[in-house]
> 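Take a look at the following structure, please.
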Amino acid sequence: MTSSLRPAPDSQYWIWQGHSIHYVQQGQKGPCLLLVHGFGASTDHWRKNIEVLSRSCRVWAIDLLGFGRSQKPRVGYTAQLWVDQLRQFCQEIVGEPIYVVGNSLGAYVALCLGVDHADQVEGLVLINCAGPFKSAAEAIQSTRQRSVRRRLFQLPGVIPLMSFLAFRYFRRRSQIRKTLLRVYRDPAAVTDRLVEEIYQPAFDPGAFGVFASVFQSPPGRTLDDLLGSLSVPLLLLWGTADPWMDVEKGRKCQRLYPQADLELVEAGHCPHDECPDQVNSVLQQWIVQQEAPPVPREPTVSGPFT
């Protein structure tokens with residue numbers, strides 16, 4: 001059983017590892033484009049983008065296992081799990097190389113996919129990407145945090161209890177709205193519909209298990225390592241008013257991958273939802289640039305005066 005949100009007219013389901021995965025598809029021509037939501041969101045978070053992008057691309061948006069209308073089984077939720085899901089989705093449903101656009105957690109998963117399976121990825125667009133950097137300061141902080149957590153979590157039942165209480169707290173409509181207002185620059189973009197799209201899937205069977213698993217999962221690969229191994233075209237699209245993934249993080253990602261394009265948007269953590277017209281235009285133009293054939297270089301003629 002999944003959330004009671006009314007499915008979009010083009011909702012479809014795909015069985016992956018015995019689990020029902022929800023996705024939508026729109027567009028009949030052009031490059032293939034896959035949209036991947038962030039933590040707690042779903043395909044609904046791309047509702048302002050899909051129709052416009054489908055005019056020039058074949059667009060898929062997918063609910064990661066554990067989110068939206070996809071099933072929420074008791075499994076260990078890690079970036080690697082979702083990378084495997086996206087890889088097989090691209091192979092079985094799309095059937096050809098694809099541009100991947102991700103927001104927050106979805107951007108991190110997309111980056112891992114681009115590194116591990118570059119043959120399936122034409123290009124990446126990371127929107128306010130989640131994930132840690134590797135630095136001495138963070139290593140010290142991480143060591144301290146692990147020490148505190150180790151002492152705390154040695155107490156029987158602490159992890160399940162803390163996870164349950166946090167889950168009950170954060171899934172309330174009032175708390176969802178409060179969180180969104182902190183991470184959206186424009187409060188008018190935080191609508192009742194947006195709150196409901198995040199609220200309802202949190203009451204699906206298994207939703208608490210997803211939250212608890214992610215809460216306890218170990219940190220993934222660092223952005224330094226991932227960007228150092230990347231070989232596909234990259235667009236970094238960053239909301240400058242994001243308090244979670246500030247704009248300096250986007251600039252640092254570009255320094256780690258200098259061939260990346262960086263586009264700044266006056267928005268918060270989810271610019272694709274807050275400023276869809278601008279983001280849709282940037283995405284379309286960037287994909288057109290990637291699809292354009294390379295301009296042949298003029299031959300160099302050697303002579304006595306060269």
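Position 1 is the first residue of the sequence, and the numbers go up from there. Values in this document were obtained by computation on a predicted structure and should not be read as measured data.
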> Strictly below 4.0 Å, N to O, side chains only: are K72 and D63 in salt-bridge contact?
no
> So which atom in A207 and which in P201 form the shortest heavy-atom distance, rounded to 0.1 Å?
CB-O, 3.7 Å
> Flag the pair V109 / H37 as yes when at least one side-chain heavy-atom distance between them is below 4.5 Å, and no otherwise.
no
> Assign the ring pair W14 / F89 to parallel, tilted or perpendicular, where the plane angle (0 to 90°) is split at 30° and 60°.
perpendicular
> Working to the nearest 0.5 Å, report the span between CD1 of I62 and CZ of R69.
13.5 Å
> Using distance alone, with no hydrogens and no angle criterion, decide if Q71 and Y13 have a side-chain donor and acceptor under 3.5 Å apart.
no
> Does a side-chain N-to-carboxylate-O contact under 4.0 Å join R177 and E196?
no
> So, does T191 use its side chain to make a donor-acceptor pair with the main chain of L194 at under 3.5 Å?
yes
> Working to the nearest 0.5 Å, report the span between CD of Q26 and CZ of R58.
14.0 Å
> Could you state the interatomic distance from CD1 (I98) to CG (L86), rounded to the nearest 0.5 Å?
9.5 Å
> Under 4.5 Å between any side-chain heavy atoms of D242 and M245, yes or no?
yes
> For the residue pair S11 / H22, report whether a side-chain donor-acceptor contact shorter than 3.5 Å exists.
yes
> Is it the case that the side chains of Q80 and D84 hold a donor-acceptor pair, with the cut-off being a distance below 3.5 Å and no angle test?
yes
> Please report the interatomic distance CD1(I176) to NZ(K178), rounded to the nearest 0.5 Å.
12.5 Å
> Using atom types as modelled and distance alone, determine if a side-chain donor or acceptor of D225 lies under 3.5 Å from a backbone N or O of G228.
no
> So W244 and H269, would you call those rings parallel, tilted or perpendicular, with 30° and 60° as cut-offs?
perpendicular
> Please work out which of the three classes, parallel, tilted or perpendicular, describes the rings of H45 and Y184, given edges at 30° and 60°.
tilted
> Should C57 and I287 count as side-chain neighbours, where that means a heavy-atom distance under 4.5 Å?
yes
> Are the side chain of Q120 and the backbone of R87 linked by a donor-acceptor contact shorter than 3.5 Å?
yes
> Please say which of D186, V190, V279, V265 ends up in a side chain to side chain contact (heavy atoms under 4.5 Å, CB included) with E274.
D186
> CD/Q200 to CG/D44 distance, rounded to the nearest 0.5 angstrom?
9.5 Å
> Among the clusters formed by ILVMFWY side chains lying less than 4.5 Å apart, do V52 and W46 turn up in the same one?
no
> Tell me, do V115 and L113 make a side-chain contact under 4.5 Å, heavy atoms counted?
no
> Without swapping roles, check the side chain of S54 against the backbone of I50 for a donor-acceptor pair under 3.5 Å.
yes
> Classify the side-chain pair W238/E263 by whether it contains a donor and acceptor separated by less than 3.5 Å.
no
> Would you check, one step at a time, whether the test side-chain hydrogen bond (donor to acceptor under 3.5 Å, both in side chains) holds for E122 with Y99?
CA-CA 5 Å; E122 294 278 18; Y99 291 92; 4.9 Å; no
> If the test is side chain to side chain contact (heavy atoms under 4.5 Å, CB included), which one of L236, L235, L223, V101 qualifies with L126?
L236
> Is there side-chain contact between V59 and V24, with at least one heavy-atom pair below 4.5 Å?
no
> I'd like to know if E51 and R47 make a salt bridge, using a cut-off of under 4.0 Å between side-chain N and carboxylate O.
no
> Calculate, to the nearest 0.5 Å, the distance between atoms CD1 and OG belonging to I127 and S104 respectively.
10.5 Å
> Look at K252 together with E248 and state whether they make a salt bridge at an N to O cut-off of under 4.0 Å.
no
